[in-house]
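Throughout, protein chains are lettered first and strands after them, A, B, ... in sequence-line order, and every chain is numbered starting at 1.
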There are 2 protein chains.
Amino acid sequence: MKTILSDFIKLRRKSLHLTQIELAKKSGVGLRFIRELEQGKETLRLDKINQVLALFGHEAGPVAMRRGFEQDR
Amino acid sequence: MKTILSDFIKLRRKSLHLTQIELAKKSGVGLRFIRELEQGKETLRLDKINQVLALFGHEAGPVAMRRGFEQDR
DNA sequence: TGATTTTATACCATAAAGGGTATAAAATCA
DNA sequence: TGATTTTATACCCTTTATGGTATAAAATCA
């Protein structure tokens, strides 16, 4: 599945030419977590997500559901 | 602790004159979850958070860390 | 004030997330 | 093309988030 978060992470990671392995190490989460995150798994823990987002200067917050629109990339 | 998410939920809930119990029922999550969410617990599951945010027309997404600023209320 | 509602804290049980790892699939590139 | 890198899938094990509940604290209001 594709989510606002998975899209964001994947785009940012690639724009920095990082592999999933590198992102996992840099953010301090497991490799499997990065994969599940980029694949849009919903039942993830917020603190782990924030660990990754922090690398890109972001955090998880409330975003209006303008369906079909994407913001902040 | 106070987070961008806890603040948002608490404000929105109160603006609709809902109790935590009512919000829990409406969103389909446990009462204890609502409490932990409003108290800023970090290790919460994303899908549960989104269940609550959906009631307010929002979802969890990447938000730039403009520390000290709040957005979207 | 006291009575009532609302919120906070603490405990138990269960389901599942997360890390690690091994293998398969796919993408990249010489 | 084939070789190498990257990503995806599947499994085991440990930790813990969640729901429920019971009680305490705090807030609300007559």
Check: Salt bridge check: are A/E36 and A/R32 linked by an N-O gap of less than 4.0 Å?
Finding: yes
ask   = Are the charged groups of A/R45 and B/E42 less than 4.0 angstrom apart, N to O?
value = no
Q. Is the A/F8 ring parallel, tilted or perpendicular to the A/F56 ring (thresholds 30°, 60°)?
A. perpendicular
- Side-chain N,O (B/Q39) to OP1/OP2 (C/dT7) below 4.0 Å: no
Regarding the side chain of A/R32, the nearest nucleotide among D/dT7, C/dG20, C/dA8 is C/dG20
The residue, A/I21 or B/R45, whose nearest nucleotide of DNA chain D is more 5′ is A/I21
Check your understanding: So A/L53 and A/S27, side-chain contact (heavy atoms from CB on, under 4.5 Å) or not? Walk me through it.
Key -> CA-CA 9 Å; A/L53 287 178; A/S27 58; over 6 Å; no
- Look at all strands and tell whether A/R35 reaches a base, only sugar-phosphate, or nothing, counting heavy atoms closer than 4.0 Å. base
Under 4.0 angstrom between B/T19 side-chain N/O and C/dT6 OP1 or OP2 | no
Worksheet item: What is the nucleic acid contact for B/E38, judged by heavy atoms within less than 4.0 Å: base, sugar-phosphate only, or nothing?
Response: nothing
If pairing means Watson-Crick or G-U wobble with both distances under 3.5 Å, then the partner of D/dG19 is C/dC12
| For A/L44, which contact category applies under a 4.0 Å heavy-atom criterion: base, sugar-phosphate, or nothing? | sugar-phosphate
Within the structure, does a side-chain N or O atom of B/Q20 lie under 4.0 Å from either OP1 or OP2 of C/dT5?
no
A/K48 side chain N/O closer than 4.0 Å to the phosphate oxygens (OP1, OP2) of C/dG19? yes
C/dC29 -> Watson-Crick or G-U wobble partner, both distances under 3.5 Å, gives D/dG2
Walking DNA chain C from its 5' end, the first of A/Q51 and B/L31 to be reached, judged by nearest nucleotide, is B/L31
Looking at B/K41, does any N or O in its side chain come under 4.0 Å of the phosphate oxygens OP1/OP2 on D/dA17? yes
